[in-house]
Structure formats: C-alpha cells, structure tokens
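Just below is one structure, and these are the notes that go with it.
Note that the structure is predicted; figures quoted are calculated from it, not measured.
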Amino acid sequence: MSVGNNILSVDFKRTDRIAYTPFLREYISNAYAEHPDLYTDDFRVLDELRMDCVHLEVHQNALNRLIKYYGQLTFIGSKFPIDVGIEFPWYQAFSTNTSKPICHRNLNYEKACILYNIGAMYSQLGSSENRSAGEGVKRACGYFQNAAGCFRHLQDVVIPEMRIPPTLDMSTAALNVLINLMLAQAQECFWQKAVIDGLKDGTIARLANKVGDFYDIAFDLATNSSISGLYYPSWITHMQVKALHFSAAAQYRKASECIFQNKYGEEIARLQLAQDYVNKALDLRGIRDPVYNDLKSLQEIIQKDLKRAEKDNDVIYLEPVPSSSSLPVIPRTEMVKPSVSAEIGDPISLMMRNESTGNRSNMPHPIMGLPLFQKLVPFAVHQAASVYVDRKERIVKEEINKKWEEMTSVCYTTLQSLNLPGALQALEQPIGLPPSLLEKSEEVRALGGLPRLYEMLENVRSMSLKNASLLDDAFNALDEEQDEDETYRNQFQDRWTRPPSQTLTVQLVSQGQKQRDTLESAQKADQIVRGKLDAWGKIINILALPEDELERSVPSAQNGGKGDEEGSPSKIVKELKSILDEVDSMIKLRKEKMEQVLRISDSDDISPALLDKAAQLTANSPNVKIEASQFEELFVSHLKQYDDFRKAVARDEEDQEKLLERLRDVNAEFIKSRRSDSTIAKREKALQNLEQAYLRYKEIYNNLNEGLKFYNEFEQNLQKFRDNCRDYCFARKVEAKDYLSDVTAAVAGMNLSGQPARGAKRSPQATGPNANTWDPQSGIHFGPSP
C-alpha cells in the first residue's frame, strides 16, 4: 500500500518472469498448418509486454504498455485456447514478499491479473496528482473513476471468462471494496473541487454525504468475514475514519447553510452531530498523519463555530435545539461512476479499426498498436475444424467402414464354420490344388513367407526397445537433475531458494507419462501379434511351400466328390458355388466402397467454408466472439455427403443376412448329399486351414507394417521430448552453478554477528543480465550463454 497525502492507492499484483515464445511456437506447430517462424516478431512483442509486468513504475507510459498488453491478450483469446501450457505465476495482492505465487495454466487468469494492475495503476496515478489546484483534482477524479471501472469490468466480464474460481483478492467481495473505495476517492475529489470553487454550502454538504456513503460501504465490505484479513489494518481504519470524517463534513456544511436560513437551533444540532462524528474518528487507533491532521483541522473549526452558535442562540435567538434523530436527512449528490475506457471495454475494435473502416493507411492505434497473430486462423475456427474432423471420422470409421469390416468378418467366420470353400474345392477337385489357393500361396512366398514375418517382428521389437530407451534417457536426466537439486537443498537449507525441480517439471513428467502409456499400449499390441504368429506360424509355413510340396501336404480324395451324375457337378454344388461367388462379389464391392469413402474423407477439407463463415460472423464487428457451436449448420450440410454410404451399409447388412441364410440352407443340403468319406473331410479341413492361414498372414503382415510405421514416427516424438528434458536439465545445471557461487559467497561473507556481508546474497528471482531462465515444457534456455 502507498498513501499519497490522505488518499489510498492499490498496490500492484506481483509476478515472476515467463516467456510465451516456446509454448506458442510449439502450439502453432502442433495445432495449425503454419510455420511458427512466420510469427517471430509477434512472439518478441508479446514477451516484451509480459516482461514489463515484472517491474512496474507509476507512469503514463507504463499504463499504456499495460493497456496494450491487455488488449493483445483479449485479441489472442480468439486465436489460442485458454491453456497453451504456460503456468502464469501471480502473487496475491496485499501479500508479503515471502508468500508463494498462485499459478494457473489459463490465459484469462493472466488477463484478469493484468486488468487488476491497470486498475491499481490508475489508483496510483490518481493519488500522485497534486490536488491543491483544480486541474490536478479533476485528473485525480478521472483516474479514480477509471480504476473503479477496471475493477468493475474485471468483476463482471473477465472473471466469469476464467472458468476457474478467482483468487481471494479478485473475489466479488474484494473487488466491491476496491470499486467503492475508488468511487469514494473520486467523489472526494469532486467535493474538494467544489470547496476550491466556493460552491454553496448545501451543495458541498450533499457531495460530502455521498463521499461518506462510499467509504462506509467500502468499510463494511472490507470487514466481511469472507475476505477477513485480506486488507491491511491501516486500510480498514482509513475507510472507517474517512466515513466518519465526511459525515462530519456534511453536517458542518449543512449547519453553515442553516445560518443563512435562520435555523439557529438546527445549526447547533448539526454542529454537535458533526463534533460527535469527529470525536469518534479521533478515538480510533492507527490513523495516518495526513488524515489525522485533516480531522484535527475540522474539529477545531467545528468547535469554534459551535461555541459561537451556542453563545448567539443563548443570547439572541433562543431557539430550541432539536435532537439529532429529528434532523432532516441530508440528500446525497453522486457525481461519479465506474468509467471503462474503450481500450478496456472494446480493445479489439480499436486495434482493428483500419480494417473495419477500410483505412489503407494502416496506422496502428497509438496505444493498442496492431493485433498480434492477426493472420493466424481464429482458435474457434480451429476448434470447429477439429469438431468436424471428429464427427467425420466417427461417421466414416465407426458408422461406415467399421460396420462393413464387422460384416465382412461375419462372412469369413460363417464360411469357416461351414468349412467353405474348402469343402467345395475338395469335392470339385479331389486331387491337386484349387487355382485360387495356388495364387495365395504364391503371394505369401513373394512377400517373404514366415521368415519375413519373424524378421518384421524382430524389427518391431528392436524399435520398441529403442523407443523405451529414449524415454528412459529422458526420465533419467530429470531424475539426476532433481537428485542434484535435492542434494544442494539439503546442504544449504534455506539459503537454496530457487524453485524445487518437481514444481518445474510437472508438465514434462506428465507429457512423459503419456508417452510411456502410449508405448506400453503399443507393446501389448505387439504381444498380441506375436501370439497370432506363434499360433499360425506352422500352417503359414506350409502355405508358403513350393507348389509340388504344398500339393503333397494336402490329402487327396480321388474317389470322392462325384455328383448325381458321374463326372458332373450336382445342382446343389452349382447353387452353393453361385452363392459363394455372390459372397465374394459382395466383399469385393464393399472393399471398393470403403476405399471410395476414405478418398472422399481425405479430400474433405471444411476449412475454407469455416473461414468464410467466420468472416460473415465478424463482418459487422471484429469483436464478435466466435464459438464452435455457430458452425453447426455448416457441419450438418457437409456431412450429408456421407448419407448414401450409411444407407448402403444398412442395405448391405440386410442383403448379407439373407445371403448367409441361403448359404447355410444350401450347405446343409450339400452336406447331406456327400458320401461319408473321411478322406474328403480331411482334405476339406486342410484346404480350409490354408485359406485361413492366408488371411492370418495378411492380417499379421499389415499389423507389423503398422507397428513399424508407428515406432518410426513415435521415435521422433520421443527424441524431441528427450532433447527438451536434456535442455531443461542443462539450463538448471547452469543456474545451479550460479546459485552455488552466490550461496558459497554468502556463507564466506558472514560476519561474526551472523549477518551476511553486504551484497553477499542475490535475489532468487534474478532477472538481470546474469539471470538464467528456461521453459519447463520445451526446455528452451533463455539468458546468457554459459
């Protein structure tokens, strides 16, 4: 708290140094189809504006920089989500220097704290004005109304946008205290100007009465149990004393008016009431000198006038003196209100005014400047695009292709259970092998057969181990750095004041744990694939044999498989074969449709339509808040192109059910028509196993290919994560050397009385040319070269 004459001003909320650049670069790289180097200047300006908040001075230029930063935060709220990975550290107002910051990964929390400091800056500018002359009083009055406007806007607009509970100093009760305190001081300036200008006593009394009201409300709110202990005790006393002071001043001015109205008894009663108010105020402890001197001056004037009034009334007027409770209430004249400037209420319109008015001069606003990241696609559009992609993929993958895959799986399962087409092939071709099976055998040999699968599996295992090693390297680096930090902390105790490692690596550890979970899930999938390979390896090996060896491995049935007429297939066999051909055609056509819908999905880019819609929404005002829900009609319209495929799925499901039912019925007749021949049964089983072995080979081959692709891409992510961890650890090691040097110097500089030598200890929050800082998520190091 600082006091300028007899006025209070609000202290700034304190913060620590942070950098936007690494977090926003990474977010743009991951979330937008743009290169972050396009926004290098924007990163720099935003970081400079944030750095200004660490050490604030009371000056109009500093206020303008705060307002510019607030405006940029408002604008980039449409470009980035609330959480971009940055922890914003802010100390609670009215707290001691030993308190810890309250951190939130929330851009609107940062915006709220900045607006609080803008209000505080206005209050300090107001208290620093020279109020001995009319112009200074007017400026101070405007500043206090601006301060009240900031705290009101913070309470009504910004705090609800945070989506998290406000800190105690920004709670509704706390802000109401500041709003009423600032309005009290603004009204006091009006009262002071009225006194300087020599306005009528009745007018001054009404102004003073409202000043007292504002102070009284602020005092009552400040002593509310919900924020008890937040404000300095001297503030509580100040507001209480001021409320009594201006109640006394109002009665005194009203008493002066009574003289000219020949109300001599009322004059005495009001002077007595004014004296009671002043005496109550002077009985309070902890009154600051400027306020105490004001009270004593008022007391002396009241005492002098009361003595004169009582003497005149006793000798001349002889009017009865009414009781204080019967006195008419002094009206209130309220001349102030919270004032929200355009820079606070609508900063985006000011920054975008050239675009909205078609002004080609492109001259930026003198305070706000041009908006940063202006060309970046609005975050709401990015959100909407993500929502659309999620819906599209759910339709394509879940409602269309997955259902088709399930239906195809039902087909294969049904064929396997009916021992088809093996039974038919064994009957139609009692010796030799079906051409379709020979083609499949040739394909498996061309792909490398069983050895190729085991080679791929070994490559998958090798890449999995390499990925695990990268992850272990990253965590080992973090563990080593933490062990070193704890060693120094145990050695130097309270002198080792830098933040503990575990508080800085929360994001890195969380990111690493997610990577580990992903890796473990992939390794479990690898085990499933290995199980499939072990189970089907033997039969796959047989399928890959040369044609003559393969033929010898399958039993022949030379005497079986004749139809109703010797040497010709029966009607049942023909019908069964026809149905199997229909099943094959259905599956083939289904596969073509699946590929078609994937092609449509891959080329389906809704971004241009979303940008057009966003332009329509902001056509009349650039400050319109865009929500993903505003694109709902566009989503529905674009997703209609998949309706025909969904209808085709429903038709296919019905047709397949009928076709498989026919297959079961005809196959039952086929089984009855066959002669009981164990050799035929063995041949059917062998052919069926080879058909299944082909399907399993293709399935395992695709699984392993996907695994290799996954581990290759995942390795790049892990290498980046490991490098980030190493960069972080390197920055901490450099910083540890600086701390170690300072701490050992401080220990060496201790004098015999146990006090540190002058200049022996450096602030733990150093931000000078020797400071070292780092970004705990990306690990990028800022500061001097080590």
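The backbone N or O of Gln374 sits less than 3.5 Å from a side-chain atom of Lys79, completing a donor-acceptor pair. A side-chain donor-acceptor contact under 3.5 Å links Asn30 to the backbone of Glu26. When atom types are taken as modelled, the side chain of Ser603 and the backbone of Arg599 share a donor-acceptor pair closer than 3.5 angstrom. Of the possible polar contacts, one joining the Arg445 side chain to the Leu545 backbone as a donor-acceptor pair under 3.5 Å is found. With hydrogens and angles ignored, the 3.5 Å screen pairs no side-chain donor or acceptor of Ser510 with any backbone N or O of Val506. Checking side-chain atoms of Ser578 against main-chain N and O of Lys574 turns up no donor-acceptor pair under 3.5 Å. Formation of a donor-acceptor pair under 3.5 Å by the Lys111 side chain with backbone atoms of Leu73 is not found in this model. At least one donor-acceptor pair under 3.5 Å links the side chain of Thr414 to the backbone N or O of Val410. At least one donor-acceptor pair closer than 3.5 Å links the side chain of Ser441 to the backbone N or O of Leu543. For the pair Thr413 (side chain) and Ser409 (backbone), a donor-acceptor distance under 3.5 Å is present.
Annotation: side chain to side chain donor-acceptor pair (under 3.5 Å) contacts of Asp643 (sequence neighbours excluded): Arg646. Evaluation of the salt bridge (charged side-chain N to carboxylate O under 4.0 Å, His left out) rule for Lys466 yields Glu715 as partners, not counting sequence neighbours. Under the side chain to side chain contact (heavy atoms under 4.5 Å, CB included) criterion, Ala648 pairs with Trp404, Lys593, Arg651, sequence neighbours left out. Annotation: ring-ring contact (aromatic ring centres under 6.0 Å, His included) contacts of Phe88 (sequence neighbours excluded): Tyr20. Every residue two or more places apart in sequence or in another chain that forms a ring-ring contact (aromatic ring centres under 6.0 Å, His included) with Phe43 is listed here: Phe373. Under the side chain to side chain donor-acceptor pair (under 3.5 Å) criterion, Asn108 pairs with no residue at all, not counting sequence neighbours. With sequence neighbours excluded, no residue forms a side chain to side chain donor-acceptor pair (under 3.5 Å) with Gln692. With sequence neighbours excluded, no residue forms a side chain to side chain donor-acceptor pair (under 3.5 Å) with Asn702. Residues passing the ring-ring contact (aromatic ring centres under 6.0 Å, His included) test with Phe714, sequence neighbours excluded: Phe710.
Side-chain atoms of Asp652 and Leu589, non-hydrogen and from C-beta on, never get closer than 4.5 Å to each other. Here the side chains of Leu580 and Leu663 are in contact, with some heavy-atom distance below 4.5 Å.
The side chain to side chain contact (heavy atoms under 4.5 Å, CB included) test with Leu533 singles out one residue from Ile528, Leu450, Asn703, and that residue is Leu450. Among Arg722, Gln515, Lys720, the single residue meeting the side chain to side chain contact (heavy atoms under 4.5 Å, CB included) criterion with Leu470 is Arg722.
Gln72 contributes atom CD, which lies 8.5 Å from atom CG of Asp42 (distance to the nearest 0.5 angstrom). For the atom pair CD of Glu632 and CZ of Arg391, the computed distance is 4.0 Å after rounding to the nearest 0.5 Å. Interatomic distance, Asn705 CG to Ile700 CD1, rounded to the nearest 0.5 Å: 12.5 Å. Rounded to the nearest 0.5 Å, atoms CG (Leu46) and CG (Leu24) are 6.5 Å apart. To the nearest 0.5 Å, atoms OH (Tyr728) and CD (Gln507) are separated by 11.0 Å. One distance of note links OG of Ser607 with OH of Tyr388; it measures 10.5 Å at 0.5 Å rounding.
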Run the side-chain donor-acceptor check on residues 451-462: report pairs under 3.5 Å with partners two or more places apart or on a different chain.
from	atom 1	to	atom 2	distance (Å)
Arg452	NH1	Glu455	OE2	3.4
Tyr454	OH	Asp534	OD1	3.4
Glu458	OE1	Arg461	NE	3.3
Glu458	OE2	Arg461	NE	3.4
Glu458	OE2	Arg461	NH2	2.8
Asn459	ND2	Glu455	O	3.4

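Ring orientation note: the planes of Tyr697 and Tyr701 are close to parallel, at an angle under 30° on the 30°/60° scale. Tyr109 and His104 have perpendicular rings, their planes meeting at more than 60° on a 0 to 90° scale where under 30° would count as parallel.
Counting only residues at least two apart or on different chains, the salt bridge (charged side-chain N to carboxylate O under 4.0 Å, His left out) pairs with a member in residues 467-477 are Asp472-Arg516. Applying the salt bridge (charged side-chain N to carboxylate O under 4.0 Å, His left out) test to every pair with at least one member in residues 520-533, sequence neighbours left out, gives these pairs: Lys532-Glu699.
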